[in-house]
Amino acid sequence: MHPQNKIEPRHTASFAMNTLLEIKNLHATIGGKEILKGVDLTIRAGEVHAIMGPNGAGKSTLSAVLTGNPAYIVTEGEVWLKGKNLLEMPAEQRAREGVFLSFQYPVEIPGVSMVNFMRVAVNEKRAYEGKPALSATEFLRLMREKKALVEMADKLNNRSVNEGFSGGEKKKNEIFQMAMLEPCLSILDETDSGLDIDALRIVSNGVNKLKTKENASIVITHYQRLLDYIVPDYVHVLADGRIVKTGSKELALELEEKGYEWLNN
Amino acid sequence: MVEQLIHTGERIDLVISDQEALDTVFVQEANSTLRIHLFRITKDGQPFNLNDTLHIRHDGTGCRTEIYALFLLRGTDKAALHTRVCHDKGQGTSAQIVKFILADEAQGEFFGEMTIAQDAQKVEAQQSNRNLLLSDTAVMRTRPQLEIYADDVKASHGASTGQLDESSLFYMQQRCLSREEGRRLLLRAFMADVVDTVEDEKKRQELMDAIDGII
Ligand SMILES: Nc1ncnc2c1ncn2[C@@H]1O[C@H](COP(=O)(O)OP(=O)(O)OP(=O)(O)O)[C@@H](O)[C@H]1O
Ligand SMILES: [Mg+2]
């Protein structure tokens with residue numbers, strides 16, 4: 001089983017100080033089918049990496065594997081977060097270490113209120129970092145501040161987690177939770193899909209405001225438009241379980257124009 | 001079987017959580033209201049083996065009946081609930097919410113009978129039985145039985161037995177909650193409509209504490 005204790009950093013000289021995430025030859029299966037077929041990716045603090053690629057290529061699988069979804073089996077490879085072996089940690093420990101996933105399809109949890117859920121989440125993370133729990137007042141202040149960041153309606157907090165939220169509201173709610181948890185690595189899986197034009201701008205602004213020199217993001221998208229707002233340092237193409245091309249933000253424009261077919265040749 | 005009469009216009013609200021098996025028929029006179037909360041919560045040490053029988057008969061028109069039942073069983077606990085709601089007179093309503101949460105090798109059984117007599121028009125009768133199995137070895141048996149002889153009535157029943165939703169658990173883990181915490185929140189949410197409808201605040205708190213001690 002997973003060790004519950006904190007995992008000590010690996011001591012290697014080759015590990016650059018500002019490397020946040022290192023994925024090496026990652027292979028993963030679900031239902032006996034190999035989906036990731038050797039992914040290599042290094043992300044440094046302060047960077048934004050966009051991942052594009054055809055439907056079914058394995059983009060969401062990569063997010064699921066990085067965040068420890070137990071439905072997937074890693075068959076080969078390594079993942080290091082700030083020098084710690086990510087694959088040895090249970091999902092909640094990865095989250096407490098600062099890995100955040102904005103789900104492509106956020107889950108509705110009837111009967112569990114947003115406020116209560118976030119209170120537990122934030123305090124769990126704080127406990128892991130050795131910080132005391134927030135008082136009720138501090139917590140509410142934090143909620144208010146972060147809600148403003150994504151211009152989220154007040155009423156949503158009194159509801160159950162994502163229950164009856166519109167598609168766009170769910171995506172906003174993901175970014176709100178990201179703001180609450182202040183992750184070091186956020187993976188945004190098609191956060192732009194389902195957002196109207198204003199919401200896209202608001203959510204992107206929120207993400208940009210949360211950007212620091214210490215954290216990094218992986219932005220999975222099908223549309224170049226999002227990358228006008230959240231400007232990536234790198235654009236990767238994931239196809240058939242591998243990263244088949246890496247370029248600058250201009251690559252996204254090229255993909256928009258030509259599709260993915262030309263990469264095969 | 002014990003018979004208990006509820007007089008015309010009377011309202012009775014019962015919260016039952018002792019360990020005595022119930023074997024009662026409640027006979028309701030016109031415009032009376034009966035609310036029953038039944039809790040069967042596993043105890044350390046002594047395995048459960050209880051059969052509850054709860055019959056309701058509407059002897060006058062315009063009666064209301066609400067039945068809420070929660071079974072929280074584990075180990076080798078066994079419990080069965082048999083409800084029979086007889087709408088012999090018209091304009092009555094009945095609503096039943098029956099939930100079992102079964103862990104380990106616990107076994108649960110729900111037999112829910114509803115009858116609506118031929119001249120009992122304008123009756124609304126609902127029955128819902130939802131169950132959670134927390135292990136592969138827990139067993140739930142459900143048997144709803146409706147006999148409707150009147151034509152101007154609304155009657156519905158639904159039964160489902162499932163497990164805790166894995167995608168919800170993972171979502172919560174992704175937000176820093178351990179699986180155990182996630183499980184607790186999901187179980188509390190599942191039980192809410194039975195627990196939260198207990199009107200007596202002190203009793204509700206006692207029950208919540210007893211439940212929290214277990215989940
Ligand atoms: N339980 C499963 N059993 C078998 N194959 C699965 C299972 N779940 C997902 N897959 C397959 O894994 C592949 C990768 O899916 P994934 O969701 O990672 O794609 P994606 O790149 O995110 O696609 P999209 O752009 O449509 O979101 C798909 O072909 C999908 O059908
Ligand atoms: Mg996807």
Side-chain angles (χ1 to χ4, degrees), chain A residues 1-2 4 63-72 89-114 116-129 160-163 170 173-174 176-178 180-183 186-187 189, chain B residues 37 39 68-72 97-101 128-136 158 160-198 204-205 207-209 211-212 214-215:
Chain A
M1 277 310 289
H2 295 294
Q4 292 292 328
S63 334
V65 169
L66 292 178
T67 50
N69 187 327
Y72 296 81
M89 303 177 194
E92 64 269 27
Q93 194 181 352
R94 300 184 198 198
R96 293 169 190 172
E97 285 283 349
V99 179
F100 180 90
L101 171 60
S102 168
F103 283 71
Q104 181 173 4
Y105 304 109
V107 182
E108 297 194 12
I109 313 179
V112 176
S113 80
M114 234 0 257
N116 204 10
F117 181 50
M118 270 299 101
R119 195 193 323 266
V120 181
V122 167
N123 285 330
E124 276 305 330
K125 179 145 197 259
R126 290 179 64 87
Y128 186 75
E129 292 164 347
S160 293
V161 178
N162 292 322
E163 193 189 21
K170 282 181 185 163
N173 193 25
E174 293 292 280
F176 160 69
Q177 294 177 60
M178 170 180 157
M180 290 293 287
L181 292 167
E182 298 182 337
S186 14
I187 306 166
D189 193 354
Chain B
H37 280 83
F39 291 89
Y68 304 88
L70 175 67
F71 291 76
L72 190 55
I97 298 178
V98 176
K99 294 187 167 182
F100 283 74
I101 299 175
S128 138
N129 172 222
R130 289 181 58 205
N131 313 300
L132 274 180
L133 303 182
L134 302 181
S135 76
D136 295 337
S160 68
T161 297
Q163 280 139 19
L164 281 180
D165 181 39
E166 272 303 320
S167 57
S168 302
L169 281 172
F170 176 63
Y171 187 83
M172 295 171 134
Q173 282 180 283
Q174 215 311 292
R175 300 296 136 89
C176 302
L177 276 68
S178 67
R179 273 183 84 83
E180 292 66 43
E181 282 166 309
R183 203 169 144 267
R184 243 192 316 272
L185 288 185
L186 291 180
L187 289 179
R188 281 205 203 112
F190 179 80
M191 297 183 284
D193 49 2
V194 177
V195 178
D196 295 352
T197 46
V198 172
R204 190 172 61 232
Q205 195 55 52
L207 285 159
M208 281 200 303
D209 292 345
I211 290 166
D212 279 348
I214 284 165
I215 63 174

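Reckoned from all heavy atoms, side chains included, excluding hydrogens, waters and symmetry mates. Note on naming: letters A, B, ... go to the chains in the order of the sequence lines (proteins, then strands), and numbering restarts at 1 for each one.
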| said: Please check this pair: side chain of A:Arg94 against backbone of A:Met89, looking for a donor-acceptor N/O pair closer than 3.5 Å. | reply: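 Yes, because the side chain of A:Arg94 sits within donor-acceptor range (under 3.5 Å) of the backbone of A:Met89.
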For [X], which atoms come within 4.5 Å of any heavy atom of chain B: side chain, backbone, both, or neither?
{"X": "A:Val122", "value": "neither"}
{"X": "A:Asn123", "value": "neither"}
{"X": "A:Tyr105", "value": "neither"}

| said: I'd like to verify something: which residue of A:Leu101, A:Asn116, A:Leu181, A:Val120 has the highest number of heavy-atom pairs under 4.5 Å with chain B? | reply: A:Leu101
| said: Only pairs of heavy atoms separated by less than 4.5 Å count here; which of B:Met172, B:Arg179, B:Glu166 has the most with chain A? | reply: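 Among the listed options, the one with the most contacts to chain A is B:Met172.
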| message | With a sphere of 6.0 Å drawn around CG of B:Asp136, does it hold more than 12 non-hydrogen atoms of other residues, nucleotides or ligands? | response |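 Open: at most 12 neighbouring heavy atoms sit under 6.0 Å from CG of B:Asp136.
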| task | Determine whether more than 12 heavy atoms belonging to other residues, nucleotides or ligands lie under 6.0 Å from atom CZ of B:Arg183. | result | no
| task | Mind listing the closest non-hydrogen atom pair of B:Gln163 and B:Leu133 along with its distance? | result | CG-O, 3.3 Å
| Of the options A:Glu124, A:Glu174, A:Glu92, which is the one that meets B:Arg175 in a salt bridge (charged side-chain N to carboxylate O under 4.0 Å, His left out)? |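 Checked A:Glu124, A:Glu174, A:Glu92 against B:Arg175; only one passes salt bridge (charged side-chain N to carboxylate O under 4.0 Å, His left out): A:Glu174.
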